[in-house]
Structures are given as C-alpha cells and as structure tokens.
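Report on the structure given below.
Note that ligands are numbered from 1 as they come in the structure, with each ligand's atoms numbered from 1 the same way.
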Amino acid sequence: MSELVRLERRESVAIVTLDRPERMNALSWATVQRLGEIGRELTEDPRVRVAIVTGAGDKAFCAGADLKERQGMSRSQVREMLGAYRSELAWLETSDFVSCAAVNGVALGGGLELALTCDLRIAAPLATFGLPETGLGIIPGAGGTQRIARLIGESRALDLVLTGRRIDSSEALTLGLVNRVALSADQLLESALKWLEPVAEGAPIAQRSALSAVRAARRLAFEQGLDFERAAYERCLDSADRDEALLALSEKRKPRFQGK
Ligand code: COA
C-alpha cells in the first residue's frame, strides 16, 4: 500500500512528498491525517529549519480534494474534512521552521490551497494553478479565499476564485502567487534547496524571529505589529549569534551560529 505522504530528511531540511500519483496526489481524508502526523513530528524536532512540500510524479503537485472519495461522503463528513484541513495543515504556517511548496505540476483547488498555506512557493515551468471550486458549486474551503486575497490582493484573488481559470507558472509569478520558477522540472527540488540554503544554515534565532514577525503582519494591526517586531528584535539582540556575526565580520570569516 502507498504511504500517502513520504517524509525524507536532509540535515535541517524536511522533504514532504504527497505520494498518490495515480490520483494526482489528491487530498483524501487519510492523506490529510498523515500530513498532520508529519507536521506534529517535525514541529517537535528543533533541528528542522525548512520543510519543503512537493508531489510525486511529473503531473501533479496536488489536484485538490479527492473527488472520488468526496462522492461517497455525507455532508457532515465533508464538514469534518474542512475542519481537518484547518487543524492538520496549520503547522505549515505556525511552526518555527519555514515551509515552502515546490509545485511540480497541477496545483488545483485544495492543492493550491495547500501551497498557499506554506510560507513560500517555487514552481516548475509547466506547473499550473487554479481554484476551480465555484465551477463545482462550492468555494475554496481550506483557507484559500483568505490566503489568496492576502497574498495577491482582493481584485486578483477575485479573478481566480470567481472564474476558476487556470494559470501557468509565468502568470503565477507575475501575480506574486509564487516566489520563483525553477529552470526545469528536474531542477525544482535542487533549486528550492539552493534558494533556501541561507534559511537552513542561517542564525536560528534571527530566522525564527524574522519568520514570526513577518507572519504576524497578517493578523496584527500596524502599531501592534511594530511592537511585535521590537520584541522579536530583542531576542536577537540578546543572542550570542548576533555577537558572533559582528565578530566574524570584523575577522573577515563566515560566522559559526549556534542558535544561542
Ligand atoms: N481526486 C481524485 N482523483 C483525481 C483527482 C481528484 N481531485 N484529479 C484527478 N484524479 C484522477 C482521475 O480520476 C484519474 O484517475 P482514473 O483514470 O482512475 O479515473 C487520474 O487521476 C488521472 O486524471 P486524468 O483526468 O485522467 O488526468 P489529466 O492529466 O487528463 O488531468 C487534472 C489531470 C488534474 C487536470 C484533472 O484530472 C482534473 O481536472 N481533476 C480535477 C481537479 C479539481 O477540480 N480539483 C479541485 C477539487 S475542489
């Protein structure tokens, strides 16, 4: 039986691969539960600095909800599923490490919503994106309406949510839906790893403080956000890594960060 989601560790980087290529890596109930389980495991491990979420195969990152499973679900099971998206995927935007979707193929519906839950996104050149839910008589239900509006703005979000149209990776880049596009599908994972090297190897306290401060901008009023940033700065100011960085600069060498 397929493992549904594979977890691979490369030092401080965790690679989480949706592994149901025969179903376009669609999100079944069990897949979402497994993602939650992996999230709990990674969140408890302070060595993890970056988590990359990707899909097995060359066609799909994730085609959204498992529509075959959905057909057999009662309305109350669907309601439970909506709760599970929220509780089991939250770690992607609340844990101490950075999450990044490496979108290797179609990211549709819940698949795009999964990518939107991550902090960052990189895509393969032929990846496609869309929120087709309104065409299916529903709306994005895994936080998609809220996250996409905050990420790319209300007007651009409405275009994608109301028309359900599919866009390619270059339009996704123009809209700011993805941060970058890899040169080829084969290079997607390596490009993500290279891009995030400064995060995986940077000063841990500074990285965590920066991550939490920028994330806070989404939910806090501006003045409160400035207070949050100040408190986050204080944690860095008190750290030995900050002193080490200044010393390394004066000694013209690379700093050796210890997360203290
Ligand atoms: N849930 C369950 N199975 C899915 C799926 C989904 N969301 N999307 C695709 N599959 C399955 C197909 O049923 C097919 O399996 P089958 O041959 O046993 O029927 C297999 O994956 C391959 O899909 P297929 O449509 O033949 O491949 P394609 O390359 O022509 O198209 C997609 C791929 C993803 C574009 C197309 O399958 C699609 O539009 N899927 C629905 C996506 C969607 O609307 N998601 C949002 C849900 S809210």
Side-chain angles (χ1 to χ4, degrees), residues 1-6 16-36 53-90 92 101-118 121-149 151-152 156-172 175 177-178 181 184-186 188:
M1 196 187 127
S2 147
E3 227 187 311
L4 304 177
V5 186
R6 278 186 281 121
V16 178
T17 307
L18 299 172
D19 195 10
R20 302 176 75 218
E22 71 290 352
R23 291 259 180 125
M24 297 279 163
N25 300 320
L27 296 171
S28 62
W29 172 261
T31 307
V32 172
Q33 298 302 319
R34 174 83 183 117
L35 278 169
V53 181
T54 193
D58 53 7
K59 279 192 155 179
F61 169 70
C62 172
D66 186 325
L67 296 176
K68 292 186 178 177
E69 182 186 70
R70 188 61 62 92
Q71 273 190 333
M73 278 181 159
S74 67
R75 281 179 166 68
S76 71
Q77 283 174 319
V78 174
R79 290 187 184 104
E80 231 178 294
M81 187 73 177
L82 296 176
Y85 287 140
R86 191 163 174 179
S87 61
E88 303 307 290
L89 305 181
L92 290 164
V103 181
N104 54 306
V106 295
L108 294 175
L112 177 50
E113 293 182 278
L114 174 66
L116 287 167
T117 311
C118 294
R121 282 151 293 280
I122 184 170
L126 296 180
T128 57
F129 304 80
L131 292 169
E133 286 91 342
T134 52
L136 296 165
I138 51 172
I139 67 168
T145 60
Q146 302 308 294
R147 293 192 180 94
I148 199 168
L151 185 67
I152 66 173
R156 290 164 155 188
L158 279 174
D159 167 12
L160 297 183
V161 172
L162 296 180
T163 69
R165 73 186 177 89
R166 260 203 243 168
I167 61 170
D168 61 18
S169 59
S170 73
E171 187 172 358
L175 291 175
L177 195 61
V178 297
V181 178
S184 71
D186 288 346
L188 177 65

Arg165 and Leu160: side chain to side chain contact (heavy atoms under 4.5 Å, CB included), yes or no, with the steps?
CA-CA 6 Å; Arg165 73 186 177 89; Leu160 297 183; 4.2 Å; yes
Please test Leu114 against Leu92 for side chain to side chain contact (heavy atoms under 4.5 Å, CB included), starting from the C-alpha separation and ending with a verdict.
CA-CA 9 Å; Leu114 174 66; Leu92 290 164; 3.7 Å; yes
Would you give me the side-chain donor-acceptor pairs under 3.5 Å for residues 132-143, sequence neighbours excluded?
residue: Thr134; atom: OG1; partner: Val161; partner atom: O; Å: 3.1

Would you mind writing out the side-chain donor-acceptor pairs for residues 25-33 within the sub-3.5 Å range, not counting sequence neighbours?
residue: Asn25; atom: OD1; partner: Arg20; partner atom: N; Å: 2.8
residue: Asn25; atom: ND2; partner: Ala56; partner atom: O; Å: 3.0
residue: Asn25; atom: ND2; partner: Ala60; partner atom: O; Å: 2.9
residue: Asn25; atom: ND2; partner: Phe61; partner atom: O; Å: 3.4
residue: Ser28; atom: OG; partner: Thr31; partner atom: N; Å: 3.1
residue: Ser28; atom: OG; partner: Thr31; partner atom: OG1; Å: 2.6

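For residues 80-90, the pairs satisfying side chain to side chain donor-acceptor pair (under 3.5 Å) are Arg40-Glu88, Arg70-Tyr85, with sequence neighbours left out.
Inspection of the Ser170 and Asp168 side chains reveals an N or O donor paired with an N or O acceptor under 3.5 Å.
Within 4.0 Å of ligand 1, the residues that place a heavy atom are Glu22, Arg23, Met24, Ala26, Lys59, Ala63, Ala65, Asp66, Leu67, Lys68, Val106, Leu108, Pro132, Glu133, Leu136, Arg166, listed by chain and number.
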